[in-house]
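Comments concern the structure below.
Excluded from the calculations below are hydrogen atoms, water molecules and symmetry mates; all remaining heavy atoms, backbone and side chain alike, are included. Computed from a predicted model, the values in this text were never measured in an experiment.
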Amino acid sequence: MTVRYHADDPRVAVRDADVGGGGAALWVVMSGGAALFFLVLLVVHLVFVSRRRSV
């Protein structure tokens with residue numbers, strides 16, 4: 001098992017297998033946020049279009 005230590009604080013250590021896995025989680029959060037944003041934008045657009053037709 002490979003262990004990494006912080007240069008400033010040698011008491012803090014992490015396993016090498018636990019480092020570097022945040023990129024996938026960040027991508028999931030960003031794409032989910034973008035999808036939610038465009039869904040809200042679509043709903044707002046449909047509301048404005050339906051109000052314009054009924055007037």
Side-chain angles (χ1 to χ4, degrees):
M1 174 171 58
T2 305
V3 177
R4 291 187 182 180
Y5 293 96
H6 284 275
D8 296 336
D9 190 4
R11 295 174 293 159
V12 178
V14 294
R15 292 185 304 158
D16 194 28
D18 294 339
V19 178
L26 178 65
W27 184 82
V28 167
V29 169
M30 294 291 288
S31 63
L36 186 62
F37 172 73
F38 284 112
L39 181 65
V40 168
L41 200 63
L42 175 67
V43 169
V44 168
H45 174 74
L46 290 175
V47 167
F48 280 126
V49 168
S50 66
R51 285 186 179 182
R52 181 175 286 184
R53 285 187 181 178
S54 65
V55 173

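- When hydrophobic residues (I, L, V, M, F, W, Y) are linked wherever their side-chain heavy atoms come within less than 4.5 Å, V49 remains an isolated member.
- Applying the side-chain contact (heavy atoms from CB on, under 4.5 Å) test to L41 and every residue at least two apart in sequence or in another chain returns F37, F38.
- Qualifying side-chain contact (heavy atoms from CB on, under 4.5 Å) partners for A35, counting only residues two or more places apart in sequence or in other chains: none.
- The side-chain hydrogen bond (donor to acceptor under 3.5 Å, both in side chains) test applied to D8 returns no partner, not counting sequence neighbours.
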Donor-acceptor list for residues 23-32 side chains, cut-off 3.5 Å, not counting sequence neighbours:
| from | atom 1 | to | atom 2 | distance (Å) |
| --- | --- | --- | --- | --- |
| S31 | OG | W27 | O | 3.1 |
| S31 | OG | V28 | O | 3.2 |

